[in-house]
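Values below: all heavy atoms of this structure, side chains included; hydrogens, waters and symmetry mates excluded. In what follows, chains carry the letters A, B, and so on, assigned in the order in which the sequence lines appear, proteins first and then strands, with residues in each chain numbered from 1.
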2 protein chains.
Amino acid sequence: LRESFFTLRTVAWVGEGRVEMIDQTALPQRLVRRSFDSWEGVADAIRRMVVRGAPAIGVAAAMGVALAGTASKARTRAELMKEVEAAAEGLRRTRPTAVNLFWGIDRVVRAARSAEGGVEEVRGALVREVGRMAEEDVDANHRLGRVGAKYLADGDVVMTQCNAGALATVGYGTALGVVRAASEEGKCVKVIVPETRPALQGARLTAFELSRDGFHCTLISDTAVGSMMQTGRVDKVIVGADRITRDGHVFNKIGTYQVAVLANRHGVPFYVAAPASTFDLTRTHDQVVIEERAVDEVVRVGRRRIAPRGIGVANPAFDRTPPELVSAIFSERGPIESPVDRKIASVIR
Amino acid sequence: LRESFFTLRTVAWVGEGRVEMIDQTALPQRLVRRSFDSWEGVADAIRRMVVRGAPAIGVAAAMGVALAGTASKARTRAELMKEVEAAAEGLRRTRPTAVNLFWGIDRVVRAARSAEGGVEEVRGALVREVGRMAEEDVDANHRLGRVGAKYLADGDVVMTQCNAGALATVGYGTALGVVRAASEEGKCVKVIVPETRPALQGARLTAFELSRDGFHCTLISDTAVGSMMQTGRVDKVIVGADRITRDGHVFNKIGTYQVAVLANRHGVPFYVAAPASTFDLTRTHDQVVIEERAVDEVVRVGRRRIAPRGIGVANPAFDRTPPELVSAIFSERGPIESPVDRKIASVIR
């Protein structure tokens with residue numbers, strides 16, 4: 001596999017009732033694909049972070065629902081819809097924070113419900129819808145990439161957090177989509193990558209996809225974010241998002257909030273890149289559940305135990321960045337500039 | 001070994017020209033002691049962080065100089081002093097940032113120079129001086145612990161960074177000395193411990209010595225510092241220091257600066273606990289060298305590689321917290337309250 005992440009697909013519907021995903025738990029050591037033919041397999045992959053990143057799990061979950069349809073032995077439409085709804089319910093319970101998961105599941109279930117005809121027509125509607133969703137995701141990333149690229153100058157050093165790249169989406173990426181679009185416009189952009197403990201998506205995924213595509217990137221420990229800002233080595237920050245509420249709060253990978261606070265202190269613009277599917281216009285920030293993940297993610301790195309037994313652990317997977325720290329959000333429908341909480345509604349309807 | 005870190009010694013002169021240290025690279029898996037009989041061995045131990053923590057390496061380096069004296073075959077005082085000065089020079093080159101290293105070396109060399117008599121008298125002066133330094137270190141920590149304990153309330157949850165515990169000193173600790181002193185006064189204090197990548201002193205050392213001594217501690221990834229503050233789970237921060245310049249800037253383990261910035265944003269007091277030997281009244285903050293350590297610390301955890309090959313890495317070992325972020329410094333000579341830059345000179349003469 002020597003493909004570029006400009007064109008590679010993280011999640012794909014490969015026909016014959018089969019979904020393929022890059023196994024992100026095996027990176028950066030091995031770039032391997034896993035194949036799934038049941039919604040339960042997809043649910044497990046989402047839970048274990050074989051696939052992760054809000055836009056990627058939105059489409060993956062939708063494809064899981066579609067697999068319930070193609071794998072079904074149902075003879076009647078009612079029976080089939082019952083299985084599809086059960087799969088949707090199971091997939092909704094995998095992870096709580098990224099809104100794209102619920103958006104993707106709801107959208108494909110809606111397509112099935114509104115299909116006219118019998119079992120075959122419903123199956124056809126499911127498959128067509130997930131195909132469209134995958135294409136739209138890549139298209140949205142190219143669009144929001146071009147929106148964000150206008151905010152980057154040739155020579156900029158950009159800090160990101162976690163992985164909001166091709167691997168967090170169906171392809172191309174959100175935050176890293178902006179970096180790719182700037183590069184396609186001929187701008188040289190270098191990237192500083194915090195490793196992003198506990199799951200190390202920065203070190204394992206972002207550094208991997210950027211270096212493979214020939215970008216200059218510098219890996220740092222999460223403790224060095226402040227030092228990089230303080231010594232003037234960061235021009236801009238661009239991150240992705242797992243959910244943006246209607247009051248402009250950005251829920252994203254743990255560590256994002258502290259990057260935003262430090263950027264604010266040092267006058268470094270803090271940008272968020274996210275497609276419309278990441279916006280939750282029905283909720284305010286106090287109505288979002290932040291996932292608490294397993295203790296083992298913190299006390300181990302790989303199989304190696306790094307802490308003594310018998311201690312307490314807190315492992316929130318996401319944090320919340322309030323709107324006053326956000327300089328602009330880049331969506332495929334255009335930029336949302338500060339104050340973002342006042343302007344979201346006019347761009348994302 | 002079931003000793004408590006209230007009384008255990010990290011570095012000790014054990015007579016017969018031998019220095020013993022707890023091997024901090026083996027923790028938390030194994031609590032083992034290493035024995036050294038040459039200054040070169042001690043220098044290597046400091047470089048590899050077998051012993052680390054500003055007060056501990058200050059005394060360890062001084063003991064290294066003393067070993068040059070006890071191991072010497074010199075027949076004349078002049079010959080002996082030449083060897084002692086050469087060892088001092090070699091030990092000065094091990095690590096650049098913690099001022100205690102230079103303070104410890106200068107102090108023991110001064111003791112040798114001012115000793116009256118011949119070879120045996122100089123050797124005796126070296127050994128007596130390092131014994132005094134070790135005792136004074138523990139004594140200073142008890143004193144500054146009592147100074148700081150006044151600032152803690154029963155039930156406080158304190159966040160620290162790295163390890164400023166018994167393991168960073170000869171014994172008892174600076175930041176954790178304050179926690180121990182509060183506990184000895186009957187106050188229940190819980191501690192939140194960021195793991196402190198890349199070398200993981202929080203996870204490996206602080207969680208170890210605190211849990212062994214029965215303190216309630218909660219380990220977090222370095223990315224979760226902001227989240228803990230934002231969700232109101234931190235009452236106070238207490239860290240140690242590697243060097244405090246006369247203009248009140250605190251050089252300490254990488255990550256400290258961002259903890260201070262976040263504490264400031266959330267109205268959480270940020271305290272520094274450090275003995276007089278950590279103050280550098282001859283320099284301002286722009287005259288301090290921040291050590292850049294090996295790339296391998298960041299791209300590996302233990303033997304496991306966590307990042308792809310061929311990427312850039314930045315690995316500053318320390319950062320700088322400006323005086324406006326420091327609520328108070330606890331020294332054995334009393335508290336230095338905000339604005340610390342104006343008050344250092346009156347407490348540390």
Side-chain angles (χ1 to χ4, degrees), chain A residues 27-29 161 192-198 200 202-204 207-208 210-212 216-228 230-231 233 253-262 265 290 297-299 301-316 318-320, chain B residues 27-29 161 190 192-198 200 203-204 207-208 210-212 216-228 230-231 233 253-262 265 290 297-299 301-316 318-320:
Chain A
L27 289 172
Q29 277 78 15
Q161 168 73 355
I192 294 180
V193 183
E195 63 180 355
T196 315
R197 278 279 286 155
L200 293 166
R204 296 192 305 102
F208 179 74
L210 286 179
S211 62
R212 172 176 274 246
H216 185 287
C217 69
T218 301
L219 181 68
I220 59 167
S221 297
D222 299 310
T223 46
V225 168
S227 169
M228 294 295 117
Q230 194 181 36
T231 53
R233 285 183 266 186
K253 180 51 55 192
I254 190 76
T256 302
Y257 169 63
Q258 55 203 54
V259 174
V261 168
L262 288 157
R265 180 176 166 92
I290 289 188
E297 287 187 351
V298 177
V299 301
V301 179
R303 270 186 223 113
R304 189 181 178 226
R305 201 178 168 93
I306 59 159
R309 289 170 195 285
I311 54 167
V313 171
N315 185 20
F318 303 93
D319 61 25
R320 176 177 62 80
Chain B
L27 288 172
Q29 277 77 15
Q161 167 73 357
K190 297 179 180 178
I192 294 181
V193 183
E195 63 181 352
T196 315
R197 277 279 287 156
L200 293 165
R204 297 193 303 104
F208 178 76
L210 285 179
S211 62
R212 173 176 274 245
H216 184 289
C217 67
T218 302
L219 181 67
I220 59 168
S221 297
D222 299 310
T223 46
V225 169
S227 169
M228 293 296 118
Q230 193 179 37
T231 54
R233 285 184 266 185
K253 180 52 55 192
I254 191 75
T256 302
Y257 170 62
Q258 56 202 53
V259 174
V261 168
L262 289 157
R265 181 177 166 92
I290 289 189
E297 287 187 351
V298 177
V299 300
V301 178
R303 269 183 225 115
R304 189 183 178 226
R305 200 176 169 96
I306 58 159
R309 288 171 196 283
I311 54 166
V313 170
N315 185 19
F318 304 93
D319 61 24
R320 175 176 61 81

Engaged part of B:P316 at the chain A interface, taking heavy atoms whose separation is under 4.5 Å: side chain
Chain A contact via B:P308 - which portion, at a heavy-atom distance below 4.5 Å: both
Most chain B-contacting option - heavy-atom pairs closer than 4.5 Å, from A:T196, A:L27, A:L219: A:L219
Shortest non-hydrogen contact between B:A314 and A:M228, atoms and distance: CB-CE, 3.8 Å
Which atoms of B:R204 approach chain A - backbone, side chain, both or neither, heavy atom under 4.5 Å: both
Qualifying residues under salt bridge (charged side-chain N to carboxylate O under 4.0 Å, His left out), relative to B:R197, sequence neighbours excluded: A:E195
Sequence-distant partners of A:R320, salt bridge (charged side-chain N to carboxylate O under 4.0 Å, His left out), two or more places apart: none
Most contacts with chain B, counted as non-hydrogen pairs under 4.5 angstrom, among A:L200, A:I192, A:D222: A:D222
Selection from B:A260, B:G226, B:G310 maximising heavy-atom pairs under 4.5 Å formed with chain A: B:G226
Winner by heavy-atom pair count (cut-off under 4.5 Å) against chain A, out of B:D319, B:L262, B:I254: B:I254
Which atoms of B:I306 approach chain A - backbone, side chain, both or neither, heavy atom under 4.5 Å: both
Per-residue contact mode, B:E297 against chain A (heavy atom under 4.5 angstrom): neither
B:S227 versus A:Y257, closest heavy-atom pair with distance: N-CD2, 4.4 Å
Proximity breakdown for A:R303 and chain B, heavy-atom pairs closer than 4.5 Å: neither
Atom pair CZ (B:R304) and CD (A:Q29), whose distance is rounded to the nearest 0.5 Å: 6.0 Å
Closest approach of A:R265 to B:V261 (non-hydrogen atoms, all atoms of both residues): CD-CG2, 3.6 Å
Gap separating the CG atom of B:N315 from the OG1 atom of A:T218, nearest 0.5 angstrom: 12.0 Å
For A:T223 against B:Q161, the heavy-atom pair lying closest together: CG2-NE2, 3.8 Å
Choice from B:G255, B:A307, B:G312, B:S211 maximising heavy atom contacts with chain A below 4.5 Å: B:G312
